[in-house]
Each structure stands twice: as C-alpha cells, then as structure tokens.
There are 2 protein chains.
Amino acid sequence: MEEIDRRIVTLLADDGRMSFTDLARETGLSVSAVHQRVRRLEKRGVIRGYAALIDHDAIGLPLTAFVSIKPTDPSAPDDAPDRLAHLTEIEACYSVAGDESYILKVRVASPAALEDLLQRIRASAAVSTRTTVVLSIPYEHRPPGLAPEEKPEAEPA
Amino acid sequence: MEEIDRRIVTLLADDGRMSFTDLARETGLSVSAVHQRVRRLEKRGVIRGYAALIDHDAIGLPLTAFVSIKPTDPSAPDDAPDRLAHLTEIEACYSVAGDESYILKVRVASPAALEDLLQRIRASAAVSTRTTVVLSIPYEHRPPGLAPEEKPEAEPA
DNA sequence: GGTGAAACATTAGACTC
DNA sequence: GAGTCTAATGTTTCACC
C-alpha cells in the first residue's frame, strides 16, 4: 500500500464520516480518484467498516472491565469465542499468549451486572475468570500512527 | 435517553456512515427529525465521533499487545497517560484496579518494534512493564448491545 | 419535537486519457 | 489509475405544526 492510500486510511480512521470532497482536498486527488481508492480499500478489507464512537457512560454502560479466561478443562476443545459470542456485553475477544487463553473486554451497567455477566461467561464457556476493573479511560480508539514508509517485503525483480 | 435515540446510536455504532435517509427509514421518523437527533447526540457527547475500522495486518501493524504498567517509584506523581500520549503505537490507555496502574493496548509492526516500544514506554513514564502478546482476534469493536429499557434513575414527580 | 420541501453538496457510474 | 461529466442521492436549513 502506498503513500496516498495510507493517508486516506489515516484520515478516515480519525474521521469516519469525512466526505470524499474533503479527502480529495487533503490528498490532492480528484474526488472520483479518492472515491475509487476508498472503495478499493473497503473491498480489499483494509477498511473493515465504519463505527460511531459512543460514550458508554451516556448509554448506561459505565463500567468497563477486562476479563481473562482459562478453560476449567484444558484438554477440552477450545471454542470459547464462539460460545461467548451471544453475550453482547463482550465488546472484544483476544486470544493471548500467557497463563490465560483469552482476554475479553466487557461493558456493563453496574457491579451487579458484571457479577451476573461473569457467571454467564463461566457457564457458557466452561472457563474460570480473572477480572480487572477499569477505573477511568484516559484515551481510547486513537487512530493508528502510520509510519511514512513501510517496506515489509522487497519485490524480487 | 429514550427508545429512538437508543436505536439511532445502535445503528450508527454498527455502521458509522449510514445515511440520514436510511436512519429515517429504520426509525420511522422523517429525515430532518433524525438529522436533528443525531446532531443533538453529537453535541451532548453521546456520539463522540466516527472512525473507520482498519485491518491492522493490512497497514503493517500486525502485532497487538496489552502492556500493563506500574510506576517504578510509587510515590511519584502519576502522569503516565500524559507522558505516553506521544507514542502513536498506543491505541488506548485504561486506568485499572489491581496490582498494576494502567493497561495499554498497543499495535506494532514486529517483535523488534514491540521491544523498542517497551523501552520507550519505560523511559517516558518511569514505569515497569508486563506484556501480553495477542495471538489472534476472534472479534473486536462489537457494537454495544443496548437493553430495550434502562431506567438509571426514576424522575421524582 | 415533529414535518415537508427547496437549495445545496456529495456520491456513484459511465466514459476518456 | 486518474480525470471529467452527469444523474441520482444525500444533507442541511427553514418556515410551519
């Protein structure tokens, strides 16, 4: 991916509703050239989608936590992500190296709701949990700082 | 916040570029009524912004990790988030309860880049680090599942 | 708050270089 | 790939409930 695509991605990561007109001005391309590139980036999966960033306090989910999970039976097949997917409080699921197998990021209304969620996680996926409560969020969702150049592989001539 | 606003927030959290026309159809309101509500939600900070969701593999930052940090001198003033803000590899910073004081979510190009970043984190904020490498991401950025009703406080008549 | 309609801006696609 | 052109859509504002 080259310079201009990278610039487009950076701009959209920061403002997902930026118009093609503005993107064109920022990149020095014509509107339709930008339009074409954005569609291509979407099709290739570089841009996976667009989201509004929501204030979780305002929608009644003020409590964020990280829940690390470990299977109670390490020899059982590990399909925890599938088994947990129906729990809408889980915003993200990361498979990790280390003592535990996954880290979940969850958003709930209250400590009581967290307790209830933890029980549903343990029951759904046959796992033990270790929970780290988030006290405040200095920042989140910062756009990727893309380096000016990345040559992951040289093209053999 | 009531029913229709909640629906608008849910729809935009899932597709940040949905048009007002589509939002109007989904909510049963007129286009201008929806427009007004979205502007109000933005102004009140319920919608904090819009972002394109990027495939980090595609932009050359395939390695994600969680870095827990702890001050080397617990009596020093804690301004780690400010001191680390210039490091663009840090996507998010959470203040947490527990043994460590913050969890950082970082995205880098390679193990070598991670090693380098950890050194810069330690040097910038006078902290020790504990790093958990992410192996894969079953899911991430799922939209908040908003309950049909939330009455955080009853209105005294 | 809500509506409908007019003025304006953006987007999508066909076509050319 | 990028540019221009144009028809179709989408956005914004405003006067009126």
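The sequence lines fix the lettering, A, B, ..., with proteins before strands; numbering per chain opens at 1.
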Check B:Arg17 with A:Glu42, please: is the shortest side-chain N to carboxylate O separation under 4.0 Å?
no
With sequence neighbours left out, which residue pairs that include part of residues 110-121 of chain A fulfil the side-chain hydrogen bond (donor to acceptor under 3.5 Å, both in side chains) condition?
A:Glu89-A:Arg120, A:Asp116-A:Arg120
Using only atom types and a distance under 3.5 Å, with no angle test, would you say the side chain of A:Ser68 pairs donor to acceptor with the backbone of A:Glu100?
no
Between the axis at one end of the helix from C:dG1-D:dC17 to C:dC17-D:dG1 and the axis at the other (five pairs apiece), what's the angle to 10 degrees?
30°
When you check the phosphate oxygens OP1 and OP2 of D:dT12, does a side-chain N or O of B:His35 lie under 4.0 Å from one of them?
yes
Residue pair B:Leu84, B:Ile69: steps toward the side chain to side chain contact (heavy atoms under 4.5 Å, CB included) verdict
CA-CA 11 Å; B:Leu84 296 171; B:Ile69 65 176; 3.8 Å; yes
Keeping to residues at least two apart or across chains, list the salt bridge (charged side-chain N to carboxylate O under 4.0 Å, His left out) pairs with something in residues 71-80 of chain A.
A:Asp79-A:Arg83
For the pair B:Arg107 and B:Glu140, find out whether any cationic side-chain nitrogen is under 4.0 Å from an anionic carboxylate oxygen.
yes
Interatomic distance, A:Tyr94 atom OH to B:Ser136 atom OG [nearest 0.5 angstrom]
11.5 Å
Between A:Leu29 (CG) and D:dA2 (P), how many Å, whole number?
6 Å
With a 4.0 angstrom cut-off to heavy atoms of chain B, pull out the first and last contacting nucleotide of DNA chain C, in 5'-to-3' order.
C:dG1 to C:dT11
Can a donor-acceptor pair be found between the side chains of B:Arg122 and B:Thr129 at a distance below 3.5 Å?
yes
Nearest-nucleotide comparison on DNA chain C, the residue closer to the 5′ end among B:Arg17 and B:Ile4
B:Ile4
Any side-chain N or O of B:Arg39 less than 4.0 Å from the OP1 or OP2 oxygen of D:dT13?
no
Using whole Å, what does the distance between atom P of nucleotide D:dG1 and atom CD of A:Glu3 come to?
16 Å
Taking only residues two or more places apart in sequence, or in another chain, which ones meet A:Thr27 in a side-chain hydrogen bond (donor to acceptor under 3.5 Å, both in side chains)?
none
Run A:Val67 and A:Arg130 through side chain to side chain contact (heavy atoms under 4.5 Å, CB included) and show every step you take.
CA-CA 6 Å; A:Val67 179; A:Arg130 183 175 63 86; over 6 Å; no
Using atom CE of B:Met18 as one end and atom P of D:dT9 as the other, report the distance to the nearest whole Å.
17 Å
Whole-Å distance between D:dT11 C1' and B:Arg25 CZ?
16 Å
Is the phosphate of D:dG10, meaning OP1 or OP2, less than 4.0 Å from a side-chain N or O of B:Thr21?
yes
Under a 4.0 Å threshold between the charged nitrogen and the carboxylate oxygen, would A:Glu91 count as salt-bridged to B:Arg142?
no
Side-chain N or O of A:Arg37 closer than 4.0 Å to phosphate OP1/OP2 of D:dA2
yes
For nucleotides 14-17 of chain D, give me every protein contact, N/O to N/O, under 3.5 Å, one pair per line with atom names.
none

